[in-house]
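Heads up: the structure comes next, in structure tokens.
So you know, we letter chains A, B, ... as the sequences are listed, proteins then strands, and number each from 1.
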Protein chains: 2
Amino acid sequence: MYVIDFTKIKVSCENCSLHELCLPRGLEKNELEKLDSIVNRTQPLHKGDVLFRSGDTFTNIYAVRTGCIKLTTSTEQGEEQIIGFYLPGEIIGLDGIEKDIHSCTAEALDTSSLCAIPFDNMTTVCTQVPSLNHEMFRVMGREISHENQLLLTITKKHAEGRIATFLLSLSGRFKQLGYSETEFRLAMSRSEVGNYLGLTFETVSRSMSKLQKQGLISINQKYITIEDMDSLHHICNEKDLPSKESKTAP
Amino acid sequence: MYVIDFTKIKVSCENCSLHELCLPRGLEKNELEKLDSIVNRTQPLHKGDVLFRSGDTFTNIYAVRTGCIKLTTSTEQGEEQIIGFYLPGEIIGLDGIEKDIHSCTAEALDTSSLCAIPFDNMTTVCTQVPSLNHEMFRVMGREISHENQLLLTITKKHAEGRIATFLLSLSGRFKQLGYSETEFRLAMSRSEVGNYLGLTFETVSRSMSKLQKQGLISINQKYITIEDMDSLHHICNEKDLPSKESKTAP
DNA sequence: CCTGGATTTTGATCCAGATCAATTATTAAA
DNA sequence: TTTAATAATTGATCTGGATCAAAATCCAGG
């Protein structure tokens, strides 16, 4: 366990270890500098702090630098639905682009630092730097794919499969960040996992216990160890829900 | 019932009745002309025709001009999940932007005509026409919002609420298109509605019958008449699923 | 007009996960 | 350290919608 003091790190897009996650296809040095010039590094948020709320005027998109942010929408009755958990290198705030008003609320699950990028400035830079513009399209495309994936998970998988899929998604993202892909801490509560996956927290707890009994994971409070990655993958893909569409001709 | 012969209509973005749906904030005349210059009007698709398949190389995005297109993703086992039904004025193909490969399959549910817009050319024009670029961001933002909405519907509403929400969504979009908001034809089967909403076709059929018995809608095969818009709205919003998060302090 | 397959409706059961409930950790405040 | 509030686990029921089944309706092709 070592701790990084982020306040001491010289931050700029160019030397940011995350820029290949923020901007998967990369940019030239001078392009990065242009982007860098409009980025604001904000004060860190603490657990529970809200970055923006549904209904707020949209001005910035944000890149998560450290920590974990949850995004939620809600029904007219105020029922919350978690849309995603965002880790370093991931971008939030795109929900405000359509109507210049945020439709989601962003809340820190851990102490988190972010880069704020004023969207208007960003689009201006985009017109000068076509590759950045294309990157922005890709970032938005990624968001769409993520939601497609979530939809698929929720409608087609049983509780255990949803949990397994969720854990593997986190695992893969931690790996990308250079952390362990087999041991990590869940920044979110069981109840938040449940909300995200369309389950109750009891079902989340039970499913996780079951995975542990099967020897696929170990649970120590918020800490998860993946003991059998292959079997976990197997559970994700087996055990589908409904289907019906037996279109396969005779 | 009157029929429009679309082959006789002079088509261009400028005089297209849909351009304020395609491009909600509008563009100047000369900007529209630039866009128009790269748009290809394709041969109409017939029911069952596939426009692109998951895995295909991404080259175009498409604006639906007439008809109805369904977009699907699938699990590794080939289980289909319908992501959306797209009506005139709506844009499909954005799923290919992230990886230059389509992650969805697009299939016509009716005879449908489309405008194909080569994405590379589009982005080039975008760098010259910032307002078009912004429009593109908005279009992608709209897609993200649509999926958020769907997620909310599926995780928070019971069968009847999902159906009611679905019917009202169609109703609203038909209205926007200048058609009746109370009488319309479902281009999709019960089974497709079910797939989209995370229900079986039996449950779709039963829920629709129930709404009919309550006098909220009338069903005549594929044709739906909304008899009581208010009550239908009410059903959408009442009757939420789980929740738990009783965060409301005492 | 008839015929066979597909779609839809409706009924009867079943079950995964919700709901209700009680117990144990864990964390925060006093 | 005690006390209270919150989160997590586990057990016991209940239920909405899935599954199984059968009949009715629709429709394309011959």
Side-chain angles (χ1 to χ4, degrees), chain A residues 46-48 70 79 109-110 153-164 185-213 217-224 235 238-250, chain B residues 46-48 79 109-110 153-164 166 185-213 217-224 235 238-250:
Chain A
H46 296 101
K47 186 183 162 94
K70 80 168 176 188
E79 283 269 34
L109 293 181
D110 267 335
T153 300
I154 289 179
T155 59
K156 302 292 182 204
K157 295 180 193 199
H158 286 286
E160 257 180 271
R162 295 188 208 177
I163 300 288
R185 182 179 152 275
L186 299 180
M188 64 296 291
S189 68
R190 304 288 190 268
S191 157
E192 286 167 324
V193 174
N195 181 301
Y196 178 61
L197 296 173
L199 300 168
T200 57
F201 67 87
E202 294 100 323
T203 301
V204 172
S205 180
R206 264 186 265 271
S207 301
M208 283 179 45
S209 298
K210 203 166 161 200
L211 291 175
Q212 184 172 38
K213 278 187 200 105
I217 64 174
S218 300
I219 306 169
N220 188 282
Q221 303 170 209
K222 297 270 188 183
Y223 292 86
I224 301 291
I235 287 202
E238 291 272 308
K239 291 189 173 183
D240 275 0
L241 243 54
S243 63
K244 307 273 104 169
E245 331 268 308
S246 44
K247 277 187 177 172
T248 35
Chain B
H46 295 101
K47 188 184 161 87
E79 283 268 35
L109 293 181
D110 267 334
T153 300
I154 289 179
T155 60
K156 302 289 181 208
K157 294 178 193 200
H158 286 287
E160 257 180 272
R162 296 188 207 177
I163 300 290
F166 174 67
R185 182 180 152 274
L186 300 179
M188 64 296 291
S189 68
R190 302 287 190 267
S191 159
E192 286 167 325
V193 174
N195 181 301
Y196 178 62
L197 296 173
L199 300 168
T200 57
F201 65 89
E202 293 99 323
T203 300
V204 172
S205 179
R206 263 187 266 270
S207 302
M208 284 178 46
S209 299
K210 203 166 160 199
L211 290 175
Q212 184 172 37
K213 276 185 201 109
I217 63 173
S218 300
I219 307 169
N220 189 283
Q221 300 171 212
K222 297 271 186 186
Y223 291 87
I224 302 291
I235 287 204
E238 291 272 309
K239 290 190 177 185
D240 274 2
L241 242 53
S243 64
K244 309 275 103 174
E245 335 265 311
S246 43
K247 277 185 180 174
T248 34

Measuring to OP1 and OP2 of dT10(C), would you say a side-chain N or O of S209(B) lies under 4.0 angstrom away? yes

From NZ of K222(B) across to P of dC26(D) the rounded distance in Å is 13 Å

Contact under 4.0 Å: Q221(B) side-chain N or O vs dT25(D) OP1/OP2: no

Looking across every strand, which nucleic acid part, if any, lies under 4.0 Å from G194(A) by heavy atom: base, sugar-phosphate, or nothing? nothing

On the side chain of R190(A), is there an atom forming a donor-acceptor pair with the base of dT26(C) - under 3.5 Å, no angle test? no

Is there, by distance only and without an angle test, a donor paired with an acceptor across the side chain of R206(B) and the base of dG11(C) below 3.5 Å? yes

Interatomic distance, CG@L199(A) vs CZ@R162(A), rounded to 0.5 Å, equals 4.5 Å

State the CD-NZ distance between E79(B) and K157(A), to the nearest 0.5 angstrom. 10.5 Å

Length of the line joining M208(A):CE and dG17(C):P, which is rounded to integer Å: 16 Å

Could you state the CZ-C1' distance from F201(B) to dA22(D), rounded to the nearest angstrom? 12 Å

CG (L109(A)) and NZ (K47(A)) are apart, to the nearest 0.5 Å, by 7.0 Å

Picking from dT9(D), dT9(C), dA8(D), the nucleotide nearest the side-chain atoms of I219(A) would be dT9(D)

Whole-Å distance separating the CG atom of L199(B) from the P atom of dA16(C): 18 Å

Euclidean distance, atom CD of residue E202(A) to atom C1' of dT6(D) [Å, nearest integer]: 14 Å

d(NZ, K156(B); P, dG16(D)) in whole Å: 18 Å

Would you mind reading off the distance between L197(A) atom CG and dA16(C) atom C1', rounded to a whole angstrom? 16 Å

Is the distance from OP1 or OP2 of dT9(C) to the nearest side-chain N or O of S205(B) less than 4.0 Å? yes

Considering all heavy atoms of both residues, which atom of S207(A) and which atom of E160(A) are nearest to each other, and what is their separation? OG-N, 4.1 Å

Given atom NE2 of H158(A) and atom P of dT19(D), what is their separation to the nearest angstrom? 7 Å

Do any side-chain nitrogens or oxygens of T200(B) fall under 4.0 Å of OP1 or OP2 in dA18(D)? yes

For Y223(A) and R185(A), the nearest pair of non-hydrogen atoms, with its separation, is OH-CD, 3.2 Å

